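Beneath this line is the structure, given in structure tokens, with notes to follow.
In this chain, numbering begins with 1 at the start of the sequence shown. Counting starts at 1 for both ligands and their atoms, following the listed order. Note that the structure is predicted; figures quoted are calculated from it, not measured. Just so you know, these numbers use all the heavy atoms, side chains as well, and skip hydrogens, waters and symmetry mates.
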Amino acid sequence: MSEASENFIAKSTVRSADLDHRRKINFNISQYNAKVPEGKLQFANLDLARETAKNIKWRAIETLDQQLEAFELNFTKRAGKVIWAEDAAQAIDAIVEICKTAHCKTVVKSKSMVTEEIHLNAALEKNGIESIETDLGEYIQQLDGEPPYHIVTPAMHKSKEDVAKLFSAKLGTAPNLTPQQLTLVARDILRKKYTSAEVGVTGANFIISDIGAVAVTENEGNVRLSCAFPKIHIVVVGIEKMIPSLTDLGLFWPLLSTFGTGQQVTVYNSIITGPRQVNETDGPEEMYVILLDNGRTNILQNPKQRESLYCIRCGACLNACPVYKNIGGHSYGATYSGPIGSVITPNLQNLGEYKHMSYASSLCGACTQICAVKINLHELLLENRHESVEQGLTSFAERMAWKLWKMASLKRSMMNLGNGSIKTKVVNSVFKGWKQKRSDLDFSGKTFNELWKERNKS
Ligand code: SF4
């Protein structure tokens, strides 16, 4: 068993028994569930909208090489700079170098899962650069020294009382502040950071190839401030975030907001085409877009798994997943959690180390049913399991157990061997590990043949 798998089992065992955690998650997800149906009403034909989005992403991913080159060509026309990063180390090196050249002491950062993926904050800190999260949820998580719990709502597992206590402990505020008061405290601190930071780092929800731009969606205005005040703006984005045309945003923006938070459209939607131009009065003097691979081309080269690159990170599949709702985001021990995390993490990182994530699913299909871009998530989870077996990543005991099971299942005479209590004893002792957290497998006293004969007689 890999270390990641052992940690996963340990953490999820504790979390699934934590009723307070479950209460908070259920409360927050119920708020989401109440809001989403309202947002969905804006679509005359929601199914067609999802299908169309899937087709657009299919086209973008199938022609990704051309789209990326077109993006680079168009973005650099307006003096933007593009950096291609094969892995996290290359992306970090590029960001640190830009910061050092600019004598940067402080970076203001918007919420971005891809910067979590490359562990940007830790790398900047190591280089003596302060990195401040400006999204309120991320700011709360940073204060608490925790990674985001959810890809859309990073502090979803905290109640307002938890946040008030955290602010009191870390910032010395009164322990009973209201959410409004807490927001004002954070705003006051962050405003000063925007104006003093030399560099702003953001992610991007979409890369638009035909106009050479990135599109960023947010509710707090912190992205706009992070890229408007500092002299340098760095965007870090996974190459799969591509959409071919500006006009595609007409579909993707409402889709992302409805499936992400239930809004018809998110409060701030920015299309950024480059640094400040000669005739413009604001914006950064330099702008970089770091196009990150970091395992995405592994997924691209696998025709079955490629579909997982269509994901627009709306988070809907996490909210629908019965496993996520019980074990929570941190138990996964990976940047991306829930169904989409369980699909992509083993392929982005290492199947041997992370294959357990694809087994952490009941395969109920709720994720596939809800997905904004109709990714067949539960089938991809099965495909990961299949690939791990094909690659010989299962234990000898497991392989033997299934071999025996198959042999027995294919031969009626073997199925009929022994009575129910013998089978119950044998199977439960062979599948010891499997039933550690499950009740005993209980075989019927009579075989199927016996029951069938009895039925036909009567
Ligand atoms: S897999 Fe689908 S539902 Fe899950 S985050 Fe991505 S787009 Fe949203």
Side-chain angles (χ1 to χ4, degrees), residues 29 32-33 35-37 39-40 43 46-47 49-61 111-114 116-117 137 148-154 156 203-207 215 217 237-243 248-249 251-263 266 295-296 299-300 304-325 328-329 332 334-348 357-358 360-384:
I29 291 183
Y32 166 87
N33 288 342
K35 196 95 181 58
V36 170
K40 284 182 177 171
F43 296 96
L46 181 62
D47 199 54
R50 292 165 68 214
E51 194 68 43
T52 308
K54 183 173 190 171
N55 286 336
I56 294 170
K57 284 302 288 185
W58 170 82
R59 189 176 135 223
I61 297 298
K111 191 181 91 56
S112 136
M113 291 311 292
V114 88
E116 291 295 324
E117 182 185 328
Y149 178 90
H150 185 283
I151 59 177
V152 174
T153 32
M156 185 193 241
N205 297 90
F206 302 102
I207 314 169
T217 285
V237 61
I239 51 174
E240 82 284 9
K241 293 290 184 76
M242 181 62 70
I243 52 171
D248 297 327
L249 285 177
L251 173 60
F252 281 101
W253 269 346
L255 208 57
L256 178 60
S257 15
T258 291
F259 282 78
T261 54
Q263 291 163 284
T266 315
R296 285 155 178 83
I299 301 179
L300 190 66
K304 286 187 180 152
Q305 296 287 355
R306 193 174 293 165
E307 187 178 339
S308 61
L309 296 174
Y310 303 170
C311 175
I312 57 169
R313 306 276 189 267
C314 70
C317 58
L318 280 65
N319 300 336
C321 177
V323 175
Y324 183 91
K325 282 192 264 194
Y332 290 84
T335 304
Y336 304 102
S337 57
I340 184 62
S342 301
V343 167
I344 60 173
T345 307
N347 298 304
L348 283 178
M357 288 177 75
S358 309
S361 165
S362 61
L363 299 177
C364 65
C367 48
T368 302
Q369 212 173 7
I370 200 74
C371 177
V373 288
K374 289 193 163 193
I375 300 173
N376 285 318
L377 289 156
H378 70 292
E379 285 180 19
L380 296 181
L381 289 171
L382 269 178
E383 182 54 29
N384 278 352

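Closest to atom 2 (Fe) of ligand 1 among all protein heavy atoms lies C371 SG, 2.4 Å. With hydrogens left out, the protein atom closest to atom 4 (Fe) of ligand 1 is C317 SG, 2.3 Å, a heavy atom. At the top of the distance list for atom 8 (Fe) of ligand 1, counting protein heavy atoms only, stands C314 SG, 2.3 Å.
Between the side chains of N319 and N33, no donor-acceptor pair of N or O atoms lies under 3.5 Å.
Side-chain contact between I56 and L251 is present, with at least one heavy-atom pair separated by less than 4.5 Å. Contact of the Y149 side chain with the M156 side chain is registered, since non-hydrogen atoms from C-beta on lie closer than 4.5 Å.
For the pair R313 and Y336, the cation-pi test (distance below 6.0 Å, angle within 45°) is passed.
For residue C311, an N/O/S atom approaches atom 6 (Fe) of ligand 1 to within less than 2.8 Å.
Both the backbone and the side chain of I312 come within 4.0 Å of ligand 1, judged by heavy-atom distances. Contacts between L377 and ligand 1 below 4.0 angstrom, taking non-hydrogen atoms only, involve the side chain exclusively.
Proximity to I340 (heavy-atom distance under 4.0 Å) selects the following atoms of ligand 1: 1 (S). Counting the atoms of ligand 1 from 1 in the order shown, those under 4.0 Å from a heavy atom of G315 are 5 (S), 8 (Fe).
In this structure, H150 and Y324 have perpendicular ring planes: the angle between them is above 60°, well past the 30° mark.
The pair K54-E307 meets the salt-bridge criterion, since a charged nitrogen lies less than 4.0 angstrom from a carboxylate oxygen.
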